[in-house]
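Data block below; observations after.
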Amino acid sequence: MEVYLFSLTSLQNEHMQQKVMKQLPESDRIYIEGIKSQKKRLTSLGGRMLLQYIARMHGFEAFHLMYGENGKPYFSDIPDVFFNISHSGEYLILAWSHKEIGIDIEQMRNVLPKFPEKMLSPTDFSYWQKHSDLEKKKCFFELWTRKESIIKFHGGSIFQKAKEFSVSDGNQFLTCVGTPAAYFHTCPWNDYMISVSTLEEKADLSIQIVTLQEIIP
């Protein structure tokens with residue numbers, strides 16, 4: 001398992017955006033140019049650029065993306081390679097693996113949701129309540145990123161079962177009813193929390209920073 005982090009602030013210059021856009025396949029350019037929201041367009045541009053860069057690092061000069069029935073993207077022409085991308089605040093994060101994987105990054109905001117019991121399973125909510133006020137923010141984002149990462153591991157439809165599974169068991173083996181099992185790997189990074197769900201029990205969650213200067217010298 002490999003995890004790459006990229007700051008979108010380096011892409012805010014319009015000239016640089018156009019430079020990056022020219023390096024993408026035509027189908028990607030058409031898709032990105034059709035996004036109305038400037039923020040979403042920038043995030044999509046950064047995601048496609050980062051994915052293309054990491055794929056080339058691994059010897060894949062081109063690839064074709066398809067989407068599963070739950071909307072999860074995958075390589076249709078690169079067997080046994082899996083990836084997942086998440087975004088929060090100014091950062092994009094990409095997980096790359098030879099086994100199925102899901103990743104989530106969340107900026108740890110100071111103000112937590114008003115009703116965390118609506119976002120967590122009863123088991124997780126009870127676990128969260130046992131923490132001190134100083135620890136509750138970190139604990140909530142540990143739980144939430146794990147939940148999001150397992151949702152992204154399987155695809156969007158499992159969100160309907162979000163309160164039916166618990167993630168407060170650390171790196172212990174997790175099984176969701178009717179779905180494959182996965183392991184959690186969670187760590188804080190600056191004021192962000194990162195979680196990965198993977199089939200790799202002993203994977204090392206080490207984060208590699210990727211800069212725009214590396215991608216476009």
State, yes or no, whether a side-chain contact exists between Gln208 and Leu5 at a heavy-atom distance under 4.5 Å.
no

If I take atom OG from residue Ser97 and atom CD1 from residue Ile103, how far apart are they, to the nearest 0.5 angstrom?
11.0 Å

Hydrophobic clustering (ILVMFWY, side-chain heavy atoms < 4.5 Å, transitive) - are Leu199 and Ile150 grouped together?
yes

Are the side chain of Ser44 and the backbone N or O of Lys40 linked by a donor-acceptor pair below 3.5 Å?
no

Measuring from Leu143:CG to His131:NE2, what's the distance to the nearest 0.5 Å?
7.5 Å

Tell me, with the steps shown, if Phe6 and Tyr91 meet ring-ring contact (aromatic ring centres under 6.0 Å, His included).
CA-CA 6 Å; Phe6 175 78; Tyr91 289 100; 8.8 Å; no

No-hydrogen, no-angle side-chain donor-acceptor test under 3.5 Å, Thr9 and Gln12:
no

Phe75 vs Phe83 aromatic rings, parallel, tilted or perpendicular, using cut-offs 30° and 60°?
tilted

No-hydrogen, no-angle side-chain donor-acceptor test under 3.5 Å, Arg146 and Thr186:
yes

Would Phe141 and Gln107 count as a side chain to side chain contact (heavy atoms under 4.5 Å, CB included) if you check the C-alpha gap in whole Å, the side-chain angles of each, and the deciding distance to 0.1 Å?
CA-CA 8 Å; Phe141 284 102; Gln107 189 169 21; over 6 Å; no

Can you confirm whether Glu61 is buried at CD, in the sense that more than 12 heavy atoms of other residues, nucleotides or ligands lie under 6.0 Å from that atom?
yes

Do Met66 and Asp77 make a side-chain contact, defined as non-hydrogen atoms from C-beta onward lying under 4.5 Å apart?
no

Side chain of Asn84, backbone of Ala95: donor and acceptor closer than 3.5 Å?
no

Output for pair (Leu42 CG, His87 NE2), nearest 0.5 Å, gives 7.5 Å

Linking I/L/V/M/F/W/Y whenever any side-chain heavy atoms sit under 4.5 Å apart, do Phe82 and Leu92 land together?
no

Any donor-acceptor N/O pair, Thr123 side chain to Ser166 backbone, under 3.5 Å
no

Heavy-atom distance under 4.5 Å between the side chains of Trp189 and Ile209, does that happen here?
yes

Quick check: is Phe63 connected to Val210 through a chain of hydrophobic side chains (ILVMFWY, heavy atoms under 4.5 Å apart)?
yes

Applying side chain to side chain contact (heavy atoms under 4.5 Å, CB included), run through Tyr53 and Met49 and close with a yes or a no.
CA-CA 6 Å; Tyr53 175 70; Met49 176 197 69; 5.6 Å; no

State whether a side-chain donor-acceptor pair under 3.5 Å links Ser195 with Glu148.
no

Evaluate side chain to side chain contact (heavy atoms under 4.5 Å, CB included) for Tyr183 paired with Ser197, printing each intermediate quantity in order.
CA-CA 5 Å; Tyr183 293 93; Ser197 291; over 6 Å; no

Contact between Ile101 and Lys152 at the side-chain level, heavy atoms closer than 4.5 Å - yes or no?
no

If you round to the nearest 0.5 Å, how far is CE of Met21 from CZ of Arg48?
11.0 Å

Write down the atom of Ile207, the atom of Cys187, and the distance for their closest heavy-atom approach.
CD1-SG, 4.0 Å

Output the distance between atom CG (Leu112) and atom SG (Cys139), rounded to the nearest 0.5 Å.
10.0 Å

Step by step, would you call Glu100 with Thr198 a side-chain hydrogen bond (donor to acceptor under 3.5 Å, both in side chains)?
CA-CA 6 Å; Glu100 192 62 82; Thr198 172; over 6 Å; no

Treat each ILVMFWY residue as a node, draw an edge where side-chain heavy atoms are under 4.5 Å apart, and state whether Ile93 and Met57 are in one component.
no

Assess, by modelled atom type and distance only, whether the side chains of Tyr4 and Glu2 contain a donor and an acceptor separated by less than 3.5 Å.
yes

Lys147 and Asp124: side chain to side chain contact (heavy atoms under 4.5 Å, CB included), yes or no, with the steps?
CA-CA 10 Å; Lys147 185 179 292 290; Asp124 289 343; 4.3 Å; yes

Using the six-membered ring of Phe153, assess whether NZ or CZ of Lys72 lies under 6.0 Å from its centre and within 45 degrees of the ring axis.
yes

Can you confirm whether Leu94 sits close enough to Val3 that some side-chain heavy atom of one is under 4.5 Å from a side-chain heavy atom of the other?
no

Just so I know, are the side chains of Tyr192 and Glu106 near enough to count as touching, which here means a heavy-atom distance under 4.5 Å?
no

Where does the angle between the aromatic ring planes of Trp96 and His58 fall among parallel (under 30°), tilted (30 to 60°) and perpendicular (over 60°)?
parallel

Taking the side chain as every heavy atom from C-beta outward, state whether Val167 and Trp144 have any atom pair closer than 4.5 Å.
no

Could you state whether Ile32 and Ile54 fall into the same hydrophobic cluster, counting links through intermediate Ile, Leu, Val, Met, Phe, Trp or Tyr residues with side-chain heavy atoms under 4.5 angstrom apart?
yes

Roughly how far, to the nearest 0.5 Å, is the CE atom of Met108 from the OG atom of Ser88?
10.5 Å

Side chains of Thr211 and Glu214, donor plus acceptor under 3.5 Å:
yes

Side-chain contact test, heavy atoms from C-beta onward, threshold under 4.5 Å: evaluate it for Val20 versus Ile216 and give yes or no.
yes

Side-chain (Thr145) to main-chain (Glu142) donor-acceptor, under 3.5 angstrom
yes

Answer yes or no: are there more than 12 heavy-atom neighbours, outside His98 itself, under 6.0 Å from its atom NE2?
no

Closest approach of Lys138 and Met193, non-hydrogen atoms and distance?
CG-CE, 3.6 Å

Ring of Phe140, cation from Lys137 - is the NZ or CZ under 6.0 Å from the centre and inside 45° of the axis?
no

What closest approach, in Å, do Asp104 and Ser86 show between heavy atoms, and which atom pair accounts for it?
OD1-OG, 3.2 Å

Any chance you could lay out the ring-ring contact (aromatic ring centres under 6.0 Å, His included) test for Trp128 and Phe125, step after step, and finish with the verdict?
CA-CA 5 Å; Trp128 176 77; Phe125 181 64; 5.8 Å; yes

